[in-house]
Amino acid sequence: MLVVRAIVEQDIDGLLSLAAQVGSGMTTLKPDRDSLAQRVETACASFAERIPIQQRDYVFVMDDTANNRLAGVCAIKAAVGLDEPFYNYRIGTLVHSSKELKVFTRMDTLYLSNDLTGCAELCSLFLHPDYRSGSNGKLLSKSRFMFIAQFAHLFPEKLIAEMRGFQRADGTSPFWECLGRHFFRMDFSRADDLTSLGKKSFIAELMPRHPLYVAYLPQEAQDVIGMVHVDTAPARRLLEQEGMHYEGYVDIFDAGPVLQARVSELRALRDSELAIVQSGEPSSEAGPPALVANTALGGFRVIAAPLAAADGRMTLSSDQQAVLACRPGDAVRIMSLTPKKNPHA
Amino acid sequence: MLVVRAIVEQDIDGLLSLAAQVGSGMTTLKPDRDSLAQRVETACASFAERIPIQQRDYVFVMDDTANNRLAGVCAIKAAVGLDEPFYNYRIGTLVHSSKELKVFTRMDTLYLSNDLTGCAELCSLFLHPDYRSGSNGKLLSKSRFMFIAQFAHLFPEKLIAEMRGFQRADGTSPFWECLGRHFFRMDFSRADDLTSLGKKSFIAELMPRHPLYVAYLPQEAQDVIGMVHVDTAPARRLLEQEGMHYEGYVDIFDAGPVLQARVSELRALRDSELAIVQSGEPSSEAGPPALVANTALGGFRVIAAPLAAADGRMTLSSDQQAVLACRPGDAVRIMSLTPKKNPHA
Amino acid sequence: MFVVRPAETSDIPALEALAGIAMHGVHTLPRTRKAIERAVVRSIASFASCPEMPGDESYFFVLESHAGKPLAGAAAISATAGAHGAFFAFRNDVLQQVSRDLDISHNVHTLTLCSDLSGYSQLSGFFLCERNRAWPQASLLSRARLLFAAVAPHRFGDKFFAAMPGITDAGLRSPFWEALGRKFFQMDFLEAERMIEGARNRTLIVELMPHYPVYVPLLPAEAQAAMGRVHAEGELPFRILSGEGFVPDEYIDIFDGGPVLRARRNALRSFSASMRCQVADAGGAGEAPPSAYLVAAMREEKFRATVIECSSPEWSGQVSLPADARRALDVADGDAVLCVEL
Amino acid sequence: MFVVRPAETSDIPALEALAGIAMHGVHTLPRTRKAIERAVVRSIASFASCPEMPGDESYFFVLESHAGKPLAGAAAISATAGAHGAFFAFRNDVLQQVSRDLDISHNVHTLTLCSDLSGYSQLSGFFLCERNRAWPQASLLSRARLLFAAVAPHRFGDKFFAAMPGITDAGLRSPFWEALGRKFFQMDFLEAERMIEGARNRTLIVELMPHYPVYVPLLPAEAQAAMGRVHAEGELPFRILSGEGFVPDEYIDIFDGGPVLRARRNALRSFSASMRCQVADAGGAGEAPPSAYLVAAMREEKFRATVIECSSPEWSGQVSLPADARRALDVADGDAVLCVEL
């Protein structure tokens, strides 16, 4: 069975071998033992509530209980931008109009901003290629919303997720080539490497600070603002199902979209429910797939299981109870894996 | 019985006497027959779908069927800022930090923006003092969400509502005195009058265009950014119950908040339901108060009634059916008047 | 003999004819009958006025060879560029971008819409017929305005500028406009110039043009290359004004990116190197080899200027004028004239 | 007899004593032993260098009355203000706000953080002991730097500036700082000046100070009133530099709002009104009534300047120097000196 659970110190070796699979493009998961060990330590301190709320970094691993292998990783940072400035471009609108000439021009504008300072962030999602099937990706990504729903008091008003931006077939970013490069004279990959070393804010110092009309950029760069990398499109859809939206914030390098939501309006906050565990085997006509999470902070665990809930009770097999570290009479949080269709759509 | 319904041409006299009660502070409802007649004409053309979607202005009146008197008015503009630029200040964040000096300064910043161009707007809400009791205010304000839920395809992605800003006891606006006045050398009331004549965009031309650090303003002005006028606080709460939020946009004169929402995330879109009318008298144990609306665009009507729905059917008395202009077998849209408490709160 | 004199009402048809051959978007002389009439009337009132300080006066001059022949050219000078609304230009600013940790620091050029030039006196409307484009006439037409300013300095500011036409391609497309103005005006360069009548002091400029600095590195190479470059039609006036003491520096035109030439009064030869002389007999002239001089009558109304060949008036304080020059300038022995080498 | 000469390593203790009595936030001479050592070493290297164009040289001068007595003052001049990072100042810009329909148009002043002055040569570090604040010594100390620049013009730019200290109240609170810098630095004016050592070319300025124009009308009246006003301690240097040809205009200091005085080389008396003379016998002097002159030895190393009373050297090209002045300047008959009236 696959379970997503709070990381523990012993996971460091498994995490390192996962990170070795990641390849470039994910700046927060580099295969470096020291930095990963540091991160695991912070995560353990976060789950144990030994560090202030805003400094926490909740890292989860997906554990294959069949072979004790780590199949994936994901994380929630409690707040961004409080140590180092967190930069985005925000797309705004400016209207220039002249009645005399009968001209009404609506211009998109890029503002360099730190508006998202203090938001929580979903990050570091990686699923090992061997496990990319079925609903494993959903379980891994969405497990975090179950955590947030259960511990909403630990999170700020808003949650964000940065998505990788569009790239050409040759791996270059049209937005970087048309904007960033003019102000840096370095390749995107070098800028990206610097970012992974935590140097993004310094690079941001070189980006144009005055508002920029999007129309000044070449068409190719305009076209990719807010577009994700082709490989990232599925991840984007999963987050959008949970209530996250592109609201006009993009990455300063590749213009990848930032998805965001009010925590209180996430589907998990509105639709997930607590239920009391009861033992049993799921009935032959299994319900729709659902996420089931225990309610422990330090030992948080989530699995995917058919929804077998009625009258505030959820039926779980003894195996499932064992993996979730819960017993009959305990509360679990449940939510369907995918949202119901909107009746008004 | 009170019904909120689409305005018709014959309402002009009633509307005019309502407008005479409004007093200053509402720029879109002045007691001027010509401009009101113009507005009614546009509204009728909107309900009849004779004008393009973006030009529409849906005006509703609250009709007291007992005496055929107009008790209130409210409206939804289909889109703002497409004829004249629509200005707001947006509050952003800029971080200035120096590791060397160990200084990390987070500054709020005002950006003059036209970001809300194209949004739909709730406006022109006025309830006659004689009717300010019970749930009349809720019925009047919230009837518009029932309309939007029924005709969501007529609305853009976002909905906004401008709230009147904070005023001192003497009626002056601290924000205006500390900011606008420096750039105009005129009183707030004159600026406000010009606004009611549709001159807001011209005034915006004189406002500072470069981003402004909020910290430059006197403390009194900083404190009222995003605060509503004391009389407007109840109206704000009603809109917030329906899913509208202050997201950092404020009026350029008095810094009153703009509430906004994605139409798809309004409570009415998520929670209202269609039900089939069946005749009957509400049972003795009446359900919680609810809004009930018919589904006709041109003859749209909403009443408040106890929720008497089960299995997709809603029981309505013959009086109620008459006021809603519906018959058994017709569909009506229903939603509880106030939201259920969030189970996670 | 070519003479520069104030435009008169009777010149209006001839000015209209001139305007008909001047290129749109390149020459800034008034173009329509109505605009010409307005300019002439305003000029006549300006010459007749006695301003205590520079105001909204605008002086319109014509160049003619013989009375009665078609006009050879026209040129104007305004007391205050921004008298009727601010005069807008792009200022070429330099922003410092620094990252200490990356040890990177560089300058980025930006263009900022500004009204810095509003208080300047402005040279404009220079146009000369094709067949008269020789250096002496061109110089006379252009510089006579500055001689007038030297004769009546209280009518002008102590700083002057002239905007030179920027480059356009064969199709009269301005690469600078394509990159900037078009995005806001949503129309062709020539159409915009026609609608705005070549002015740079209209409110609609604030309404439409960018409020934030434009980052030069983001402009297409073609537009960057056009910044500060002069249209072929502008080369002659550019050379004349450069010789006079004007220099291009940090301002360019907001529409076509042409350079704005600027000078303080004291840097101009018409002020610093001109001599006030008395008209004298042609008698004692033959000593030094003659050279060409611009000579202007020292009076504000019925101002006249022409070019003559004479020996240097430098040490004598006297200048000998041939009869035709005296007639052209309407001066007699003993009258004061202002001379400056061509 | 007061003499200005380059600072030497042996001056370091005396400079430390001087720094001890100079006010923080007002005087910009180096303050710590380490900073003083650095400045002296840099100055010695600068005098010894042969720059092809102005670079990061900085020349540090001292004023002494007699060798061996405590130093009376110190002053410096840098070849390029922005040699080690851009030099930041606020530029006072004017924005045009127009509403045609309301028929309202007015100008709004804004302060823009800029590095325009980075290429200028900069006068700084002027400090004179209380008991020596007479005009001749003060003038000598301040203007000797410019005489040095006139002797070695290739070492400097063609534009110069000097930032004057802005006003502070009795508690050494700067009203300008309270309204602006404090909001970004979150510390007192003096603390910030101490941490940044009076510099205006540090990267942390870009990191902390506002990137967008500051609207002057929004500043508290007290801060507006402080813009461009000079601290009492700065009045003497202000008058000296004004007499030399410096003018305050559109730039002010980013911390305390004090004025930045600027001048082009040719507008400075040390350049335009100084005379190169030969040292001659004191014999033929008595003719004209003597007046006070600054005299500097015409050499780049071992530069010396002093004040003497003599008759005008204007027409003779010779200057008669008394024996003590010759000793002070280390010149003999026939040597070249540069003279300019006090």
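A, B, ... follow the sequence lines: proteins, then strands. Residue 1 opens every chain.
- Residue-environment remark: CD (D:Q224) exceeds the threshold of 12 foreign heavy atoms within 6.0 Å.
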Notebook entry, point to check: Does the pair B:H210 and D:T110 meet the rule for a side chain to side chain contact (heavy atoms under 4.5 Å, CB included), with working shown?
Noted result: CA-CA 10 Å; B:H210 285 283; D:T110 60; 5.7 Å; no
Item checked: Worked verdict on B:H96 versus D:H211 for side chain to side chain contact (heavy atoms under 4.5 Å, CB included) -> CA-CA 10 Å; B:H96 290 249; D:H211 305 150; 3.9 Å; yes
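- Partners of D:A17 under the side chain to side chain contact (heavy atoms under 4.5 Å, CB included) rule, at least two apart in sequence or in another chain, do not exist in this structure.
- Heavy-atom distances place the side chain of B:Y213, and not its backbone, under 4.5 Å from chain D.
- More than 12 heavy-atom neighbours from other residues, nucleotides or ligands sit within 6.0 angstrom of CD on B:E220.
- The shortest non-hydrogen separation linking B:S98 to D:L204 is OG-CB, 3.7 Å.
- At a heavy-atom cut-off of under 4.5 Å, chain B is reached by D:K183, D:F184, D:F185, D:Q186, D:M187 from residues 182-193 of chain D, listed in order of number.
- From D:Y215, atom OH reaches atom CZ of B:R209 across 8.0 Å, with rounding to the nearest 0.5 Å.
- Among B:L94, B:V95, B:V103, B:L217, the residue with the largest count of heavy-atom pairs under 4.5 Å with chain D is B:V103.
- Within a 6.0 Å radius of CZ in D:R264, no more than 12 heavy atoms belonging to other residues, nucleotides or ligands are found.
- Within the structure, the salt bridge (charged side-chain N to carboxylate O under 4.0 Å, His left out) test picks out no pair touching residues 74-83 of chain B (sequence neighbours left out).
- The environment of B:R39 atom CZ is dense: over 12 non-hydrogen atoms of other residues, nucleotides or ligands sit within 6.0 angstrom.
- Interface residue B:L179: backbone and side-chain heavy atoms are both found under 4.5 Å from chain D.
- Below 30°, between 30° and 60°, or above 60°: for B:Y111 and D:Y212 the angle between ring planes is above 60°, a perpendicular geometry.
- Residues satisfying the side chain to side chain donor-acceptor pair (under 3.5 Å) test with B:K158, not counting sequence neighbours, are A:E247.
- Residue D:L219 does not touch chain B at all, counting heavy-atom pairs closer than 4.5 Å.
- Ranked by heavy-atom pairs under 4.5 Å with chain B, the list D:V206, D:L208, D:L95 is led by D:L208.
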